[in-house]
Amino acid sequence: MRLDNMLIAEGVAGPEKGGGVGAAANASAAAGAGDSAIEHSDYRAKLGQIRQIYHQELEKYEQACNEFTTHVMNLLREQSRTRPITPKEIERMVQIIHKKFSSIQMQLKQSTCEAVMILRSRFLDARRRRRNFSKQASEILNEYFYSNLSNPYPSEEEKEALARRCSITVNQVSNWFGNKRIRYKKNIGKAQEEANLYAAKKAAGEAGASPYSMSGTPGPMMSPPPGDESSMGGYGMPGMNGSGYSG
DNA sequence: CCCGATGATTCGGG
DNA sequence: CCCGAATCATCGGG
């Protein structure tokens, strides 16, 4: 009976229509980008389709069940002319039929659940439908990162400020820094170019009168910049096949 | 179409 | 909870 609960929770079963603001929306909106409304409208449309089909099928089953029941009843009535048939017997018959049909309904519920699950992962999983940040947002984030290379761990307040400036969520800022740190470390050589680039940009912006202590480079404690551009050909990228599941 | 870049999620550890 | 690491899934340029 868990299937019923789930279908109700997803808004497939339960209230025929109306708001139907399910638990679907807020379930995995963790770091979802700002405009989640658009994606959700698509999601809702598909969900509505599923629901429609579900109810359609359900009704069909019910109708078939009723038809079959009356059919059997008629047969029994005819038989009752040649042999005695107790009402108990009839009731038993009806119960058997209903049980059979409800098991069929279970199958329908299960496949509907499956469809909903697929739909959820297809639309609500933020890994899909990923959008790159704007160029400007990347600028801001990179600027902070390379200006604080020795300690690229923004506090909560700083994250909020950055999030506001970039028009993204705090979570996304955290994600960005997490990715940036690990990827910087993984590839110092290339990142160094970026570092120089942003350092130059910053220097241009400050035009000389900067309060930085000029005791050499700030020396990032993460790893010493080797400045070695060669020997960064290919690190093993395994197959990464795109296992296509139809959608 | 391939492949690197990139944002998001998952997992293990403190 | 945050971090690093691995991984996933999409984007975007060639």
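So you know, we letter chains A, B, ... as the sequences are listed, proteins then strands, and number each from 1.
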In whole angstroms, the gap separating P of C:dA5 from CZ of A:F177 amounts to 17 Å

Looking at A:K180, I'd like to know whether one of its side-chain N or O atoms comes within less than 4.0 Å of OP1 or OP2 on B:dG7.
no

Distance, rounded to the nearest Å, where A:N171 contributes CG and B:dA8 contributes C1':
10 Å

Does any donor-acceptor pair link the side chain of A:R183 with the base of B:dG7 at a separation under 3.5 Å?
yes

Tell me whether the count of non-hydrogen atoms from other residues, nucleotides or ligands lying under 6.0 Å of CD in A:Q52 goes above 12.
no

Let me know the distance between CH2 of A:W176 and P of B:dA5, rounded to the nearest Å.
15 Å

From the options B:dT6, B:dA8, C:dC3, select the nucleotide whose nearest atom is closest to the side chain of A:K159.
C:dC3

For A:N175 and C:dC3, what is the distance between atoms CG and P respectively, to the nearest whole Å?
11 Å

For atom CD of A:Q172 and atom C1' of C:dT10, their distance in whole Å
15 Å

Roughly how many Å is it from CZ in A:R181 to P in B:dT6, rounded to a whole number?
16 Å

Within the structure shown, what part of the strands sits under 4.0 Å from A:N132 by heavy-atom distance: base, sugar-phosphate, or nothing?
sugar-phosphate

CG of A:N179 versus C1' of C:dA6: gap in Å, rounded?
11 Å

A:E158 CD: over 12 foreign heavy atoms closer than 6.0 Å:
yes

A:H71 atom NE2: more than 12 heavy-atom contacts under 6.0 Å:
no

Separation of A:K185 atom NZ from C:dA6 atom C1', in whole Å?
13 Å

Just to confirm, is there a sub-4.0 Å distance from OP1 or OP2 of C:dG4 to any side-chain nitrogen or oxygen of A:Y153?
yes

For A:Y146 and A:Y184, take the angle between the two ring planes, folded into 0 to 90°, and tell me which bin it lands in: parallel under 30, tilted 30 to 60, perpendicular over 60.
perpendicular

